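In this text, all values refer to a predicted model and were calculated from it rather than measured experimentally.
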Amino acid sequence: MIVGILGCGAIASIIVNNFLSKNSGIEIKYFYDHDIKKAENLAIILNGIAVLDIEDMIDKVDLVLEAASPMSVEKHALKILNKGKDVMIMSIGALMDSDIRSQMIATASKNNAKIFAPSGAIVGLDGIKAASIGKIKKATLTTRKPPKSLGKDTDNEEILFEGKASEAVKKFPVNINVAAAFSIACNIDIDVEIIVDPKVDKNVHEIIVKGDFGQFKTRTENLPCEVNPKTSMLAAYSAIKLLTSLNENFIIGT
(Lines give C-alpha, C1' and ligand atoms only; values in the text may rest on other atoms or scores of the structure.)
Protein backbone atom coordinates (compact mmCIF):
# COMPACT_ATOMS: atom_id res chain seq x y z
CA MET A 1 0.00 0.00 0.00
CA ILE A 2 1.34 3.41 -1.02
CA VAL A 3 0.51 6.29 1.32
CA GLY A 4 0.61 10.03 0.74
CA ILE A 5 0.61 12.55 3.57
CA LEU A 6 -1.42 15.74 3.38
CA GLY A 7 -0.03 18.25 5.89
CA CYS A 8 3.59 17.94 6.99
CA GLY A 9 3.52 19.48 10.46
CA ALA A 10 3.99 18.03 13.93
CA ILE A 11 1.77 14.94 13.59
CA ALA A 12 3.23 13.99 10.21
CA SER A 13 6.74 14.44 11.59
CA ILE A 14 6.04 12.06 14.49
CA ILE A 15 4.52 9.51 12.13
CA VAL A 16 7.44 9.65 9.71
CA ASN A 17 10.09 9.45 12.43
CA ASN A 18 8.44 6.51 14.18
CA PHE A 19 7.02 4.54 11.27
CA LEU A 20 8.46 1.05 10.85
CA SER A 21 7.73 0.07 7.28
CA LYS A 22 9.66 -3.21 7.34
CA ASN A 23 7.32 -6.14 6.64
CA SER A 24 4.24 -3.93 7.07
CA GLY A 25 3.43 -3.72 3.37
CA ILE A 26 2.93 0.03 3.87
CA GLU A 27 5.11 2.63 2.17
CA ILE A 28 4.77 6.33 2.95
CA LYS A 29 5.93 7.75 -0.35
CA TYR A 30 4.37 11.15 -1.15
CA PHE A 31 4.22 14.37 0.85
CA TYR A 32 2.20 17.52 0.29
CA ASP A 33 2.06 20.74 2.29
CA HIS A 34 1.40 24.34 1.28
CA ASP A 35 4.90 24.92 2.66
CA ILE A 36 6.94 22.82 0.25
CA LYS A 37 9.98 22.93 2.54
CA LYS A 38 8.09 20.99 5.20
CA ALA A 39 7.11 18.36 2.64
CA GLU A 40 10.68 18.10 1.37
CA ASN A 41 12.10 17.71 4.87
CA LEU A 42 9.86 14.73 5.61
CA ALA A 43 10.31 13.21 2.16
CA ILE A 44 14.07 13.05 2.72
CA ILE A 45 13.63 10.90 5.84
CA LEU A 46 11.75 8.14 3.99
CA ASN A 47 13.32 8.64 0.58
CA GLY A 48 9.94 9.87 -0.61
CA ILE A 49 8.67 12.52 -3.00
CA ALA A 50 7.46 16.02 -2.13
CA VAL A 51 4.80 17.34 -4.50
CA LEU A 52 3.76 20.91 -5.29
CA ASP A 53 0.07 20.05 -5.69
CA ILE A 54 -1.99 17.37 -3.96
CA GLU A 55 -3.32 16.37 -7.40
CA ASP A 56 0.22 15.23 -8.23
CA MET A 57 -0.01 12.40 -5.70
CA ILE A 58 -3.66 11.30 -5.51
CA ASP A 59 -3.48 9.00 -8.54
CA LYS A 60 -0.23 7.45 -7.30
CA VAL A 61 -1.33 6.43 -3.80
CA ASP A 62 -3.76 3.99 -2.24
CA LEU A 63 -4.43 6.11 0.83
CA VAL A 64 -4.04 9.77 1.79
CA LEU A 65 -3.31 10.47 5.43
CA GLU A 66 -4.66 13.92 6.33
CA ALA A 67 -2.68 15.62 9.09
CA ALA A 68 -3.35 19.24 8.24
CA SER A 69 -6.55 20.90 9.45
CA PRO A 70 -10.35 20.63 9.38
CA MET A 71 -10.30 23.06 6.45
CA SER A 72 -8.09 20.63 4.51
CA VAL A 73 -10.60 17.84 5.12
CA GLU A 74 -13.38 20.00 3.68
CA LYS A 75 -11.23 21.05 0.73
CA HIS A 76 -9.63 17.78 -0.29
CA ALA A 77 -11.41 14.72 1.16
CA LEU A 78 -14.19 14.42 -1.40
CA LYS A 79 -11.87 14.64 -4.42
CA ILE A 80 -9.63 11.97 -2.89
CA LEU A 81 -12.60 9.66 -2.27
CA ASN A 82 -14.00 10.38 -5.76
CA LYS A 83 -10.77 8.92 -7.14
CA GLY A 84 -11.47 5.71 -5.23
CA LYS A 85 -8.65 6.37 -2.76
CA ASP A 86 -8.90 5.75 0.96
CA VAL A 87 -8.41 8.56 3.45
CA MET A 88 -7.25 8.62 7.05
CA ILE A 89 -8.51 11.66 8.92
CA MET A 90 -6.56 13.12 11.83
CA SER A 91 -8.59 16.38 11.96
CA ILE A 92 -11.68 14.42 12.92
CA GLY A 93 -13.36 17.56 14.26
CA ALA A 94 -14.30 18.29 10.64
CA LEU A 95 -16.49 15.18 10.69
CA MET A 96 -18.70 16.59 13.44
CA ASP A 97 -20.40 18.44 10.61
CA SER A 98 -23.04 15.86 9.71
CA ASP A 99 -23.34 17.15 6.14
CA ILE A 100 -19.63 16.77 5.49
CA ARG A 101 -19.56 13.35 7.12
CA SER A 102 -22.59 12.14 5.15
CA GLN A 103 -21.14 13.38 1.86
CA MET A 104 -17.84 11.67 2.56
CA ILE A 105 -19.48 8.38 3.50
CA ALA A 106 -21.71 8.45 0.41
CA THR A 107 -18.76 9.28 -1.85
CA ALA A 108 -16.63 6.55 -0.30
CA SER A 109 -19.42 4.01 -0.80
CA LYS A 110 -19.95 5.05 -4.40
CA ASN A 111 -16.25 4.74 -5.23
CA ASN A 112 -15.41 1.67 -3.15
CA ALA A 113 -13.15 3.68 -0.86
CA LYS A 114 -12.78 3.77 2.92
CA ILE A 115 -12.51 6.48 5.56
CA PHE A 116 -10.33 5.76 8.58
CA ALA A 117 -10.27 7.78 11.79
CA PRO A 118 -7.59 6.84 14.37
CA SER A 119 -8.52 6.87 18.05
CA GLY A 120 -6.24 9.87 18.54
CA ALA A 121 -5.27 11.18 21.94
CA ILE A 122 -7.72 9.18 24.08
CA VAL A 123 -8.11 5.58 25.15
CA GLY A 124 -11.33 3.60 25.39
CA LEU A 125 -12.90 4.07 21.94
CA ASP A 126 -13.21 0.30 21.50
CA GLY A 127 -15.26 0.15 24.69
CA ILE A 128 -17.34 3.17 23.67
CA LYS A 129 -18.16 1.66 20.27
CA ALA A 130 -19.15 -1.61 21.93
CA ALA A 131 -21.25 0.21 24.54
CA SER A 132 -23.11 2.09 21.79
CA ILE A 133 -24.74 -1.17 20.70
CA GLY A 134 -26.95 -0.67 23.75
CA LYS A 135 -28.26 2.59 25.19
CA ILE A 136 -25.73 5.14 26.43
CA LYS A 137 -27.23 7.30 29.18
CA LYS A 138 -24.29 9.57 29.88
CA ALA A 139 -21.14 10.48 27.97
CA THR A 140 -18.83 13.26 29.17
CA LEU A 141 -15.33 14.48 28.40
CA THR A 142 -13.27 16.74 30.64
CA THR A 143 -10.11 18.04 29.02
CA ARG A 144 -7.46 19.76 31.11
CA LYS A 145 -4.45 21.32 29.39
CA PRO A 146 -1.49 23.51 30.35
CA PRO A 147 -1.74 27.12 29.14
CA LYS A 148 0.84 26.62 26.38
CA SER A 149 -1.24 23.86 24.79
CA LEU A 150 -4.21 26.22 24.54
CA GLY A 151 -2.21 29.28 23.50
CA LYS A 152 -2.87 30.98 26.84
CA ASP A 153 -0.64 32.92 29.22
CA THR A 154 -2.14 32.59 32.67
CA ASP A 155 -1.30 31.48 36.20
CA ASN A 156 -4.90 30.67 37.07
CA GLU A 157 -7.06 27.64 36.39
CA GLU A 158 -10.02 28.58 34.22
CA ILE A 159 -12.91 26.80 32.55
CA LEU A 160 -12.72 27.88 28.92
CA PHE A 161 -15.69 25.92 27.64
CA GLU A 162 -18.73 23.99 28.82
CA GLY A 163 -21.14 22.61 26.26
CA LYS A 164 -21.58 20.10 23.46
CA ALA A 165 -18.81 18.59 21.36
CA SER A 166 -20.28 20.07 18.18
CA GLU A 167 -19.67 23.55 19.59
CA ALA A 168 -16.31 22.68 21.17
CA VAL A 169 -14.77 21.68 17.83
CA LYS A 170 -15.83 25.02 16.32
CA LYS A 171 -14.30 27.05 19.13
CA PHE A 172 -11.16 24.89 19.44
CA PRO A 173 -10.68 23.32 15.98
CA VAL A 174 -7.07 22.20 16.56
CA ASN A 175 -7.30 21.37 20.26
CA ILE A 176 -10.26 19.10 20.79
CA ASN A 177 -10.35 16.38 18.13
CA VAL A 178 -10.81 13.94 21.02
CA ALA A 179 -14.33 15.30 21.57
CA ALA A 180 -15.22 14.57 17.95
CA ALA A 181 -13.76 11.06 18.04
CA PHE A 182 -15.66 10.31 21.25
CA SER A 183 -18.95 11.74 19.93
CA ILE A 184 -18.80 9.95 16.60
CA ALA A 185 -17.85 6.65 18.26
CA CYS A 186 -20.95 6.67 20.46
CA ASN A 187 -23.20 8.62 18.07
CA ILE A 188 -23.99 11.24 20.73
CA ASP A 189 -23.18 14.94 20.88
CA ILE A 190 -21.31 14.51 24.15
CA ASP A 191 -20.91 17.00 26.99
CA VAL A 192 -17.49 18.66 27.02
CA GLU A 193 -15.59 20.74 29.55
CA ILE A 194 -12.25 22.34 28.61
CA ILE A 195 -10.02 23.67 31.38
CA VAL A 196 -6.75 25.57 31.17
CA ASP A 197 -4.68 24.50 34.17
CA PRO A 198 -1.16 25.84 34.88
CA LYS A 199 -0.65 23.04 37.43
CA VAL A 200 -0.57 20.31 34.77
CA ASP A 201 2.19 19.64 32.26
CA LYS A 202 0.27 17.11 30.17
CA ASN A 203 -2.88 17.11 28.05
CA VAL A 204 -5.36 15.30 30.31
CA HIS A 205 -8.61 13.75 29.05
CA GLU A 206 -11.15 12.15 31.39
CA ILE A 207 -14.06 10.22 29.93
CA ILE A 208 -17.15 8.92 31.73
CA VAL A 209 -19.63 6.63 29.98
CA LYS A 210 -22.76 5.13 31.54
CA GLY A 211 -25.25 2.90 29.81
CA ASP A 212 -27.00 -0.46 29.61
CA PHE A 213 -23.62 -2.20 29.83
CA GLY A 214 -22.70 -0.53 33.15
CA GLN A 215 -20.19 2.29 33.34
CA PHE A 216 -16.51 3.08 32.86
CA LYS A 217 -14.13 5.95 33.32
CA THR A 218 -10.81 6.54 31.57
CA ARG A 219 -8.08 9.10 32.17
CA THR A 220 -5.41 9.77 29.58
CA GLU A 221 -2.40 11.95 30.40
CA ASN A 222 -0.65 12.76 27.15
CA LEU A 223 2.78 14.21 26.71
CA PRO A 224 2.47 17.11 24.26
CA CYS A 225 4.68 17.23 21.20
CA GLU A 226 7.67 19.52 21.72
CA VAL A 227 7.29 21.09 18.28
CA ASN A 228 3.58 21.76 18.71
CA PRO A 229 2.17 21.49 22.27
CA LYS A 230 -1.37 21.38 20.87
CA THR A 231 -0.55 17.90 19.56
CA SER A 232 -0.31 14.80 21.75
CA MET A 233 2.20 12.09 20.88
CA LEU A 234 -0.48 9.42 21.32
CA ALA A 235 -2.54 10.92 18.48
CA ALA A 236 0.30 10.33 16.01
CA TYR A 237 1.05 6.90 17.43
CA SER A 238 -2.60 5.90 16.93
CA ALA A 239 -2.29 6.75 13.24
CA ILE A 240 0.84 4.63 12.92
CA LYS A 241 -0.86 1.67 14.57
CA LEU A 242 -3.96 1.98 12.41
CA LEU A 243 -1.84 2.23 9.27
CA THR A 244 0.16 -0.90 10.07
CA SER A 245 -2.98 -2.81 11.08
CA LEU A 246 -4.48 -2.42 7.60
CA ASN A 247 -2.34 -5.30 6.34
CA GLU A 248 -2.32 -7.39 9.52
CA ASN A 249 -3.88 -10.85 9.58
CA PHE A 250 -4.56 -10.79 13.32
CA ILE A 251 -6.50 -7.81 14.68
CA ILE A 252 -7.48 -7.35 18.31
CA GLY A 253 -10.15 -4.91 19.44
CA THR A 254 -13.30 -3.69 17.74
(message) Do Ile195 and Ile208 sit in one hydrophobic cluster, given that two such residues count as connected whenever their side-chain heavy atoms are within less than 4.5 Å of each other, even indirectly?
(response) no
(request) Before accepting this row, confirm whether a basic side-chain N of the pair Arg144/Glu206 lies closer than 4.0 Å to the acidic partner's carboxylate O. (result) no
(request) Start with the C-alpha gap between Lys85 and Asp62, add the side-chain angles, then the distance that decides, and say whether salt bridge (charged side-chain N to carboxylate O under 4.0 Å, His left out) holds. (result) CA-CA 5 Å; Lys85 309 296 182 175; Asp62 302 296; 5.2 Å; no
(message) So Leu81 and Ile115, do their side chains get closer than 4.5 Å, heavy atoms only?
(response) yes
(message) Check this for me: does any side-chain nitrogen of one of Glu40 and Lys37 sit under 4.0 Å from a carboxylate oxygen of the other?
(response) yes
(request) Write down the atom of Met57, the atom of Ile5, and the distance for their closest heavy-atom approach. (result) CE-O, 3.6 Å
(message) Membership question, hydrophobic clusters at under 4.5 Å side-chain separation (ILVMFWY): are Leu243 and Leu234 in the same one?
(response) no
(request) Indicate yes or no: does Glu248 engage Lys241 in a salt bridge with an N to O separation below 4.0 Å. (result) yes
(request) Answer yes or no: are there more than 12 heavy-atom neighbours, outside Asp53 itself, under 6.0 Å from its atom CG? (result) yes
(message) Would you say Thr140 and Asp191 are linked by a side-chain donor-acceptor pair, where the criterion is simply a distance under 3.5 Å?
(response) no
(request) Count the heavy atoms of every other residue, nucleotide or ligand shown that sit under 6.0 Å from CG of Asn187, and state whether that count exceeds 12. (result) no
(request) Count the heavy atoms belonging to other residues, nucleotides or ligands that lie under 6.0 Å from NZ of Lys110, then report whether that count exceeds 12. (result) no
(request) Drop me the distance from Ile44's CD1 to Ile49's CD1, to the nearest 0.5 angstrom. (result) 13.0 Å
(message) Side-chain heavy atoms nearer than 4.5 Å, only ILVMFWY residues, links allowed to pass through others: does that put Val123 and Phe182 together?
(response) no
(message) Please give me the minimum heavy-atom distance between Thr154 and Pro147, naming the atom from each residue.
(response) O-CG, 3.7 Å
(message) Looking at Asp212 and Lys135, is there a salt bridge between them, counting it only when a charged N and a carboxylate O are closer than 4.0 Å?
(response) no
(message) With a 4.0 Å cut-off on N to O distance, would you call Arg219 and Glu221 a salt bridge?
(response) yes
(request) For the residue pair Ser166 and Asp189, confirm or rule out a side-chain donor-acceptor distance under 3.5 Å. (result) yes
(message) When you compare the side chains of Asn82 and Thr107, does any donor N or O come within less than 3.5 Å of an acceptor on the partner?
(response) no
(request) Determine, for Lys145 against Asp197, whether the closest basic-nitrogen to carboxylate-oxygen distance falls under 4.0 angstrom. (result) no
(request) Find out if a path of hydrophobic residues (ILVMFWY) with successive side-chain heavy-atom gaps under 4.5 Å connects Ile36 to Ile45. (result) no
(request) Report yes or no: do Val64 and Ile2 belong to one cluster of Ile/Leu/Val/Met/Phe/Trp/Tyr joined by side chain heavy-atom distances under 4.5 Å? (result) yes
(message) Would you say Thr220 and His205 are linked by a side-chain donor-acceptor pair, where the criterion is simply a distance under 3.5 Å?
(response) no
